[in-house]
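Below is one structure; the comments refer to it alone.
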Amino acid sequence: MEHTKSGPSSWPELADVVPVPQDDGPSPVVSIAYRDDFREVMDYFRALYLTGERSPRALRLTAEAIELNPGNYTVWHFRRLILESLDFDLLEEMKFVEKIAECNPKNYQIWHHKRWLAEKLGPGIANKEHEFTMKILAIDAKNYHAWSHRQWVLQALGGWETELEYCDHLLKEDVFNNSAWNQRYFVITRSPFLGGLAAMRDSEVDYTIEAILANAQNESPWRYLKGLYKGENNLLVEDERISAVCFKVLKNDWTCVFALSLLLDLLCTGLQPSDELRSTLETIRSSHPETADDDPAAAVCCILQKCDPLRVNYWSWFKDTLSQIS
Amino acid sequence: MDPSPQSTPPTGDDPAAAADPDLPRLTVTQVEQMKVEARVGDIYRSLFGAAPNTKSIMLELWRDQHIEYLTPGLRHMGPAFHVLDANRPWLCYWMVHPLALLDEALDDDLENDIIDFLARCQDKDGGYSGGPGQLPHLATTYAAVNTLVTIGSERALSSINRGNLYNFMLQMKDVSGAFRMHDGGEIDVRASYTAISVASLVNILDFKLAKGVGDYIARCQTYEGGIAGEPYAEAHGGYTFCGLAALILLNEAEKVDLPSLIGWVAFRQGVECGFQGRTNKLVDGCYSFWQGAAIAFTQKLITIVDKQLKSSYSCKRPSGEDACSTSSYGCTAKKSSSAVDYAKFGFDFIQQSNQIGPLFHNIALQQYILLCSQVLEGGLRDKPGKNRDHYHSCYCLSGLAVSQYSAMTDTGSCPLPQHVLGPYSNLLEPIHPLYNVVLDKYHTAYEFFSEE
């Protein structure tokens, strides 16, 4: 009576249920000192789970158990069986899971449950799902679960029309948000409305170069740029904008690791000599005379060993490997 | 050449610089990163300024404190741990494994009680659940089996019902070849790794379980080079470990583009000296293991790496044909018979010497773990300012072990003192990194299950 919320032992509909305590054995290990309310709910839950009772009272109990521990996948699983048996209103259920998700946005079970619901509800729910992930991503723009869910909804239920705009919006907010870059890659390669990577590549290269020039220390667009030519190294080398952005960045800061690293890739893939390449290499060699006799790729490796000391092992290995395989 | 991390002390820029109207607005990522760099920078500056004596104390692994933190939890956990009520085998593993790394033996009663408890988590139809009476789950199965292998007694190893476990795993297999976590549960790379690791460890891995897993994992490699939880998601350290370890246990490492995977992981080590989990995210001690072990694996995969590099750089002539795709390596004709001895792949891998030295900064990583992840009262943490927990204690110490042993090229010897940061007494027990169990217990289990 005193409690604002009373436990299942006081629920009239559970009067005939005998709670089943957890059997941890005579000398338990990793034994959790459960609070009384937790123990009570779980003991009643166990009683109905063991008999497999799919009833409204069992559904109510699963809700209690989930609120106390949303990581209990067994409870969620049983809840899905009950929902199916009772032919429960799935939109109501969506409200329930969203309420839980807002307090526990990094929990596998919640997002899995949401995916299960969305699959049953079909394409009509797509926009609502996108609104929800947007809400979660507004709090934490890199929430892995939210992004996975969003990608699944796009593929299974649609809603691609405004997704590129959304990526652009997030990148305008925080151009370092790698999750948004990853989503952008997903959209340009998978959206049924954009024609795929081959059709998008040209404009994406421009977009990415702009981001690189705005902040050359941002790794995300450098990786994205290379990704635009994934598996097509020959085209990467042929696109003059790629080497040009390397030269441009290196002209300002010849120690920029991302630019040097991409230039190295280009050199390994057969970048043709040019005036800009020659002048960039001259700058590098003049500050590091010991590289004078090295071929261009080896010289760039040497510079990287110097200006990227945390990755000195990596660059040394790379340099050795190049000399062996070429 | 100065390989020490001292050459790149974090600058510790003041985030307040954001207030200057002439500077471009700093984004959330930049501000959060600066805060961490400032904190880590303070710690490193105090190290470099310290007298040699103090320095050596600062770089000590506080073994006794960690043991003191880890041991009591094996019996009792406070009420706040109710949120881990469906992860109790994990709690066992997160304590038993780091204690084994610290070479701290458990008393026999406790070991037997753990075996009895895990037997209560073992489902009558196979697999282990998060607690007595719950549904069997692949992740808790992995935690339970690794715990039992780490205990290593005959009673522990024979308590695993391998026949039922095999049936459970077959039921968790999706038509795509990938695994789902539990009946009706989610499908991701984690599920595939935990299934393959357990199956390999207890010698029940066969073609039926293995089929299609490698192709699924290969589909999860992203344009960045790392592996994601599901196809098209973002490259992530945890999934990169899971994916690569599973591929090696299947002898299918050539299915991913290894040079790009190595390049991605190498770049995840940052100025803080530790690893981040994803591009432009914050450093976290647990990735010392996930990223550290993944890149350490590649020291034994150099033959494949060289072959892939040669192929991707061989097409120097500018032509339209798609000759550069490294994915062409993924189609090596695979044995389709059940005659393949899958348990051998994990065994041969650990027998084999490293072909090259570490590709990450093994000393810098130890510096981050010792100075930024250790908590004075015992236990390890994500980063300065965070609380310790069992998960981070387990994976920071696992990562420390990986980095201490990563510079060895002869499997039979001990690491040289210069590869162990701080006093040599910091050296942990070696692990089998594909399963993340201590090496001698792995060998015991390997022999035990070879005879089964």
Side-chain angles (χ1 to χ4, degrees), chain A residues 22-25 27-35 38 46 68-69 71-74 77 80 108 112 141-142 144 147-148 151 173-179 182 185-186 190 218-220 223-224 226-227 230-234 237-238 268-270 305 309-314 317 321 324-325, chain B residues 1 3 7-8 27-30 74-79 81-83 85-86 88 91-92 113-114 116-117 120 132-135 137 182-186 223-224 229-230 232-234 266-267 269 278-281 306 309-310 312-313 315-316 318-319 324-325 327 356-361 364:
Chain A
Q22 178 163 273
D23 185 7
D24 260 11
S27 338
V29 296
V30 290
S31 172
I32 299 169
Y34 303 117
R35 285 194 326 259
F38 184 89
R46 254 186 298 274
L68 291 169
N69 178 17
N72 192 321
Y73 59 91
T74 305
H77 177 75
R80 284 189 282 275
Y108 282 98
H112 182 61
K142 300 175 183 179
Y144 205 83
W147 279 116
S148 291
Q151 293 193 338
E173 294 253 296
D174 185 349
V175 74
F176 290 80
N177 179 355
N178 195 63
S179 304
N182 186 77
Y185 195 84
F186 172 68
R190 309 292 305 170
N218 181 4
E219 183 178 353
S220 295
R223 291 211 169 264
Y224 186 86
K226 239 192 109 181
K230 186 169 167 248
E232 303 197 75
N233 281 348
N234 50 335
V237 182
E238 277 172 36
C268 293
T269 321
Q305 284 172 292
L310 198 63
R311 266 166 287 281
V312 66
N313 292 337
Y314 174 75
W317 162 74
T321 303
Q324 282 161 25
I325 66 174
Chain B
M1 181 188 80
S7 48
T8 54
T27 74
V28 175
T29 300
Q30 287 173 300
L74 275 171
R75 284 291 178 196
H76 302 288
M77 305 292 291
F81 286 89
H82 73 273
V83 292
D85 187 45
R88 289 175 68 198
L91 287 171
C92 293
D113 290 343
I114 296 171
D116 291 340
F117 171 72
R120 283 168 195 279
Q134 300 175 22
L135 268 181
H137 189 287
H182 58 86
D183 182 19
E186 66 273 20
Y223 69 90
E224 290 192 76
E230 297 176 70
Y232 314 117
E234 188 182 0
F267 271 87
Q269 193 170 18
R278 300 181 247 162
T279 306
N280 282 335
K281 286 270 285 177
D306 284 351
L309 268 179
K310 210 176 259 178
S312 74
Y313 288 155
C315 45
K316 293 197 176 181
S319 71
C324 308
S325 171
S327 64
I356 54 165
L359 296 173
F360 65 109
H361 204 308

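Source: prediction; values computed, not measured. Within every chain, numbering begins at 1; the chains are lettered A, B, ... in the order of the sequence lines, protein sequences first and strands thereafter.
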*Can you find a pair of side-chain heavy atoms, one from A:Asn313 and one from B:Phe360, that are under 4.5 Å apart?*
no
_Run the side-chain hydrogen bond (donor to acceptor under 3.5 Å, both in side chains) test against B:Glu234 and tell me which residues pass, sequence neighbours left out._
A:Asn178, A:Ser179, B:Arg278
_Can you confirm whether B:His182 sits close enough to A:Thr74 that some side-chain heavy atom of one is under 4.5 Å from a side-chain heavy atom of the other?_
no
*A:Asp174 side, atom CG; B:Gln30 side, atom CD - distance, nearest 0.5 Å*: 7.0 Å
*How close do B:Ala86 and A:Gly71 get, heavy atom to heavy atom, and via which atoms?*
CB-O, 3.7 Å
_Interface residue of largest heavy-atom contact number with chain B, from A:Leu68, A:Asn72, A:Val30, A:Thr321, under 4.5 Å_ = A:Val30
*asked:* Just so I know, are the side chains of B:Ser312 and A:Asn233 near enough to count as touching, which here means a heavy-atom distance under 4.5 Å?
replied: yes
*Output the distance between atom CG (A:Asn69) and atom CG (B:Asp85), rounded to the nearest 0.5 Å.*
6.0 Å
*State the NZ-CD distance between A:Lys230 and B:Glu224, to the nearest 0.5 angstrom.*
11.5 Å
*Taking B:Lys281, B:Gln269, B:His137, B:Arg120 one by one, which has the highest count of heavy-atom pairs under 4.5 Å against chain A?*
B:Arg120
*asked:* Any heavy-atom pair between the side chains of B:Arg75 and A:Ser27 that's under 4.5 Å?
replied: yes
*Measure A:Phe176 against the heavy atoms of chain B and call it side chain, backbone, both or neither at under 4.5 Å.*
both
*Please identify each residue that fulfils salt bridge (Lys or Arg N to Asp or Glu O under 4.0 Å) with B:Glu230, with sequence neighbours left out.*
A:Arg115
